[in-house]
Enquirer: 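Once you've had a glance at the structure underneath, I'll fire off some questions.
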Amino acid sequence: MAKPAQGTRYRGSIHDHPDFDPGQDAEALYNAMKGIGSDKEAILELITSRSNRQRQEICQSYKSLYGKDLIADLKYELTGKFERLIVGLMRPLAYCDAKEIKDAISGIGTDEKCLIEILASRTNQQIHQLVAAYKDAYERDLESDIIGDTSGHFQKMLVVLLQGTREEDDVVSEDLVQQDVQDLYEAGELKWGTDEAQFIYILGNRSKQHLRLVFDEYLKTTGKPIEASIRGELSGDFEKLMLAVVKCVRSTPEYFAERLFKAMKGLGTRDNTLIRIMVTRSELDMLDIREIFRTKYEKSLYSMIKNDTSGEYKKALLRLCGGDDDAAGQFFPEAAQVAYQMWELSAVARVEMKGTVRPANDFNPDADAKALRKAMKGLGTDENTIIDIITHRSNAQRQQIRQTFKSHFGRDLMADLKSEVSGDLARLILGLMMPPAHYDAKQLKKAMEGAGTDEKALIEILATRTNAEIHAINEAYKEDYHKSLEDALSSDTSGHFKRILISLATGNREEGGEDRDQAREDAQEIADTPSGDKTSLETRFMTILCTRSYPHLRRVFQEFIKKTNYDVEHVIKKEMSGDVRDAFVAIVQSVKNKPLFFADKLYKSMKGAGTDEKTLTRVMVSRSEADLFNIQQEFIEKYDKSLHQAIEVREAGAGAGGLPCRMAHLCRATRCASFVPKQIQGLGPGL
């Protein structure tokens, strides 16, 4: 069993077996493989209940007793994924890593993901042991083999990591932290091109404690996380490697939790990845991985393995996992503490919200009005000109263009656009031309008119807007439709759902900071509601979720976890149903992370067959000047592809004239715009 670092608890799932007798175990394995067929159940039961150190003793005893190599016999008797898993468990960790890397660089092609995973996540000591094991097992130099199979900056960073010389001093120099932040910024964001050598030197050599402070300062100074800069400045396998290094610096268990989730999500299972991680982390940090997995993905690692695998292979993996943490909405105690710490970090981190559409420089409403008139005059319509102008002007500038258009031509620009463009493009362009409050008012009106109600649209808008935005929507609704929004909601909804929407539509949410004593009382009030008392639970949730300020609610959620070992969102999903549940979940998710809430909405609007153009358009239009930049960051972090890429995939499916083609302009606005926060003006010249 791997020894934990001094002063730390053992966090593996596999422990030394009590009353261990290597000779007796060797005999049991020999009998399990003797004769026709093999007793796979006995093999997996024994091997998965012994530590790696004990397995090495069994191998030695097996050779002493029978003059045979245990691993060779296991390879002969077992097959497929089960064989790979069991044989992997029988190797010392360093030799297991060495075998994985040898397989990754052998034959045609290279498994870059395997190289990245191993070399980005191992400690200095583990790297040194790996290099020695590779030399011993294959009589080859690992560095030479890596150089022979990779190239460019990707190769250089792998070689740096292979040295196993990362600084390990916990004493951090504040001056050096500031210098590294400046060097990284000047090497990427401020430079035409990128100085990859600086990224390699700093990320490949500094201690983890130092780098965590660098990442924190980088965010404060530049207004963006280091991951965003890496994605913007680097590319290909080099980009993936550097992102993996950053993730492992932040939290190695979280990196592996994410790797495991991706190995099993969707169609098919990446079994090699699943096996490699379960084998190599089972005596290091499997309990930490389980905690983070449960917190992050709202399901246990155990249950996901159980649903994604089969046979003895499944049984062995589940034993390595070490237990099922999956009770609806419930965390085991360590995971509750992880969730609490995540809230503490979120309370400290304050990321500036930024849109992708910003006021155009050298704005000339007269020229824009004339260009739009020309684009719509005569036969045909120059849609590209219309799109280019409207998606590259702020909403305030678009209102000036409307006024100038009417002054010059005596015509209503909105009416002209409506007659010249149609379908989804018209919905997008006309939406961008409306003042935000009037646009939201129109979306609410559409959600309630005709047969049926679009409850999701009502929830999305009312659960995410600020008090000021809600007040402006009320005024716009009254002005445009000669009816109060409250009356409209009352006529079209009912029950608790109606009460929630009307409460949100008053725009009377408190706007102060957190009150810790009140937060504890609020958390206790929710916690005290008996399970199954749906009416009382919904009333108490509404009183708190619809009126308390966002900072206060974040503290309530923390206190709720401390008191109950439950996450409030899970409780809502477990105890409630229908539109009431959806409304409360939307509020909670918006409080936790509003950009992530919208990133999820966008992903779901493009997921599967067809596109939900109404949702896609509504979110892109309404968030383009609010926080679409942040939404993009959350999208790529969660779904491993950019929002721009996701839209382009839909563009290919919709054809050149489809809505996604037009929508991509709102994403491209970010790529074209330059933004230098005030805090970093002293670091170098502006972009």
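This is a predicted model, so every value here is computed, not measured.
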Enquirer: Distance alone, cut at 3.5 Å: any donor-acceptor contact between the side chains of Arg555 and His552?
Expert: no
Enquirer: Looking at Tyr297 and Ala257, what are the two nearest heavy atoms and their distance?
Expert: CE1-O, 3.8 Å
Enquirer: Considering non-hydrogen atoms only, spot the tightest contact between Ser300 and Asp324 and give its length.
Expert: OG-OD1, 2.8 Å
Enquirer: Check whether any side-chain N or O of Ser590 sits under 3.5 Å from a backbone N or O of Ile587 as a donor-acceptor pair, and report yes or no.
Expert: no
Enquirer: Any donor and acceptor pair, going by atom type alone, linking the side chain of Arg623 with main-chain N or O of Pro595 inside 3.5 Å?
Expert: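 Side chain of Arg623 to backbone of Pro595, a donor-acceptor pair under 3.5 Å: no, none is there.
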Enquirer: Would Leu504 and Arg509 satisfy side chain to side chain contact (heavy atoms under 4.5 Å, CB included), going step by step from the backbone distance to the final call?
Expert: CA-CA 8 Å; Leu504 294 172; Arg509 184 179 294 283; 3.7 Å; yes
Enquirer: Is there a side-chain contact between Lys498 and Ser490 in this structure, where contact means two heavy atoms from C-beta onward sitting under 4.5 Å apart?
Expert: yes
Enquirer: Quick check against the 3.5 Å criterion: does Asn395 have a side-chain atom that pairs as donor or acceptor with the backbone of Met434?
Expert: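 Answer holds: yes.
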Enquirer: Does either side chain, that of Thr539 or that of Ser536, offer a donor lying less than 3.5 Å from an acceptor on the other one?
Expert: no
Enquirer: How far apart are the closest heavy atoms of Cys546 and Ile500, and which atoms are they?
Expert: SG-CG2, 4.0 Å
Enquirer: With a 4.5 Å heavy-atom cut-off, do Arg250 and Ile226 have their side chains touching?
Expert: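 The answer is yes; the side chains approach within 4.5 Å.
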Enquirer: Applying side-chain contact (heavy atoms from CB on, under 4.5 Å) between Leu643 and each of Gln633, Met606, Glu634, report the one that passes.
Expert: Met606
Enquirer: After noting the C-alpha distance and the side-chain angles of Asp440 and Arg465, does the key distance pass the salt bridge (charged side-chain N to carboxylate O under 4.0 Å, His left out) rule?
Expert: CA-CA 10 Å; Asp440 279 345; Arg465 302 308 193 251; 2.8 Å; yes
Enquirer: Can you name the closest pair of heavy atoms from Asn474 and Ala505 and give their distance?
Expert: ND2-O, 2.9 Å
Enquirer: What pair of heavy atoms forms the shortest contact from His392 to Ala360, and how long is it?
Expert: O-CB, 3.4 Å
Enquirer: Please lay out, stage by stage, how Ile305 and Met264 fare under the test side chain to side chain contact (heavy atoms under 4.5 Å, CB included).
Expert: CA-CA 8 Å; Ile305 292 172; Met264 292 181 281; 3.8 Å; yes
Enquirer: Do the non-hydrogen side-chain atoms of Lys354 and Asn630 ever get within less than 4.5 Å of each other?
Expert: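 Contact flag for Lys354/Asn630 side chains = yes.
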Enquirer: Going from CG on Leu372 to CD1 on Ile390, what distance comes out if it is rounded to the nearest 0.5 angstrom?
Expert: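 The CG atom of Leu372 sits 5.5 Å away from the CD1 atom of Ile390.
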Enquirer: Quick check: do Arg259 and Lys113 have side-chain heavy atoms less than 4.5 Å from each other?
Expert: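 When only atoms from C-beta onward are counted, Lys113 and Arg259 do touch, with a gap below 4.5 Å.
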Enquirer: State the OG1-CD1 distance between Thr466 and Ile473, to the nearest 0.5 angstrom.
Expert: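 Separation between the atoms: 8.0 Å.
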Enquirer: Among Asp567, Val571, Ile572, find the residue that satisfies the side-chain contact (heavy atoms from CB on, under 4.5 Å) test when tested with Glu569.
Expert: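 The passing option is Asp567.
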Enquirer: Counting only heavy atoms not in Lys306, do more than 12 fall under 6.0 Å of its NZ?
Expert: no
Enquirer: So, Thr615 side chain and Asp612 main chain: donor-acceptor pair closer than 3.5 Å or not?
Expert: no
Enquirer: Do Ile277 and Glu117 come within less than 4.5 Å of each other through their side chains, counting heavy atoms only?
Expert: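 Counting from C-beta outward, Ile277 and Glu117 do come under 4.5 Å.
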Enquirer: Tell me whether Thr617 contacts the main-chain N or O of Lys614 through its side chain, where contact means a donor paired with an acceptor under 3.5 Å.
Expert: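 Between the backbone of Lys614 and the side chain of Thr617 there is no qualifying donor-acceptor contact (under 3.5 Å).
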Enquirer: Please say which of Lys592, Lys638, Lys607 ends up in a salt bridge (Lys or Arg N to Asp or Glu O under 4.0 Å) with Asp600.
Expert: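 Option passing the salt bridge (Lys or Arg N to Asp or Glu O under 4.0 Å) with Asp600: Lys638.
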Enquirer: Could you state the interatomic distance from CE (Met353) to CD1 (Ile631), rounded to the nearest 0.5 Å?
Expert: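 Going from the CE atom of Met353 to the CD1 atom of Ile631 covers 9.0 Å.
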Enquirer: Using salt bridge (charged side-chain N to carboxylate O under 4.0 Å, His left out) as the criterion, list what pairs up with Glu258, not counting sequence neighbours.
Expert: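 Only Lys247, Lys262, Lys296 meet the salt bridge (charged side-chain N to carboxylate O under 4.0 Å, His left out) criterion with Glu258.
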Enquirer: Drop me the distance from Thr269's OG1 to Asn307's CG, to the nearest 0.5 angstrom.
Expert: 10.5 Å
Enquirer: Is Arg548 paired with Asp522 through a side-chain N to carboxylate O contact shorter than 4.0 Å?
Expert: yes
Enquirer: Can you check whether Val585 reaches Met576 side chain to side chain, under 4.5 Å on heavy atoms?
Expert: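 No. Closest side-chain heavy atoms not under 4.5 Å.
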Enquirer: How long is the span from the CZ atom in Phe405 to the CG atom in Leu417, to the nearest 0.5 Å?
Expert: 7.0 Å
Enquirer: Roughly how far, to the nearest 0.5 Å, is OG1 of Thr493 from CD1 of Ile502?
Expert: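 Ile502 CD1 to Thr493 OG1: 6.0 Å, rounded to 0.5 Å.
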Enquirer: Using a 3.5 Å distance criterion without hydrogens, assess whether the side chain of Glu227 forms a donor-acceptor pair with backbone atoms of Leu243.
Expert: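 Judged by distance alone, no pair lies under 3.5 Å.
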Enquirer: Does a side-chain N-to-carboxylate-O contact under 4.0 Å join Glu449 and Lys445?
Expert: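 Salt bridge: yes.
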Enquirer: Quick check: do Met242 and Arg231 have side-chain heavy atoms less than 4.5 Å from each other?
Expert: no
Enquirer: Go through the steps for Glu538 and Arg581 under the test salt bridge (charged side-chain N to carboxylate O under 4.0 Å, His left out), then give the verdict.
Expert: CA-CA 9 Å; Glu538 289 175 352; Arg581 175 199 60 206; over 6 Å; no
Enquirer: Between Ser622 and Arg618, is there a donor-acceptor pair closer than 3.5 Å when you use the side chain of the first and the backbone of the second?
Expert: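 Checked: pair present.
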Enquirer: Quick check: does any side chain N or O of Asp492 sit under 3.5 Å from a backbone N or O of Ala488, one acting as donor and the other as acceptor?
Expert: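 No.
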Enquirer: Around Lys265, counting heavy atoms of other residues, nucleotides and ligands shown, do more than 12 lie under 6.0 Å from its NZ?
Expert: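 Above 12, so yes.
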Enquirer: What orientation do Phe541 and Phe584 show, parallel under 30°, tilted 30 to 60°, or perpendicular over 60°?
Expert: tilted
Enquirer: Does Asp579 use its side chain to pair, donor to acceptor, with the backbone of Phe497 at less than 3.5 Å?
Expert: no
Enquirer: Do you see a donor-acceptor pair shorter than 3.5 Å between the side chains of Ser549 and Glu511?
Expert: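 No, no side-chain donor-acceptor contact under 3.5 Å.
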Enquirer: Testing the basics here: between Phe629 and Thr356, what is the closest heavy-atom pair and its distance to 0.1 Å?
Expert: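 Shortest heavy-atom separation between Phe629 and Thr356 comes out as N-CG2, 3.6 Å.
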Enquirer: Could you go step by step and tell me if Arg427 and Glu613 meet the salt bridge (charged side-chain N to carboxylate O under 4.0 Å, His left out) rule?
Expert: CA-CA 9 Å; Arg427 184 183 294 119; Glu613 285 90 356; 5.8 Å; no
Enquirer: Would Leu301 and Arg294 count as a side chain to side chain contact (heavy atoms under 4.5 Å, CB included) if you check the C-alpha gap in whole Å, the side-chain angles of each, and the deciding distance to 0.1 Å?
Expert: CA-CA 7 Å; Leu301 175 59; Arg294 183 65 185 81; over 6 Å; no
Enquirer: Verify side chain to side chain contact (heavy atoms under 4.5 Å, CB included) between Phe363 and Ile401, making sure each step is shown before the conclusion.
Expert: CA-CA 10 Å; Phe363 171 58; Ile401 295 170; 3.9 Å; yes
Enquirer: If we count only N and O atoms by modelled type, under 3.5 Å, do the side chains of Ser484 and Asp487 hold a donor and an acceptor together?
Expert: yes
Enquirer: Does the side chain of Thr391 reach to within under 4.5 Å of the side chain of Met620, using non-hydrogen atoms?
Expert: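 They are not in side-chain contact.
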Enquirer: Is there a donor-acceptor contact under 3.5 Å from the side chain of Asn593 to the main chain of Gln589?
Expert: no
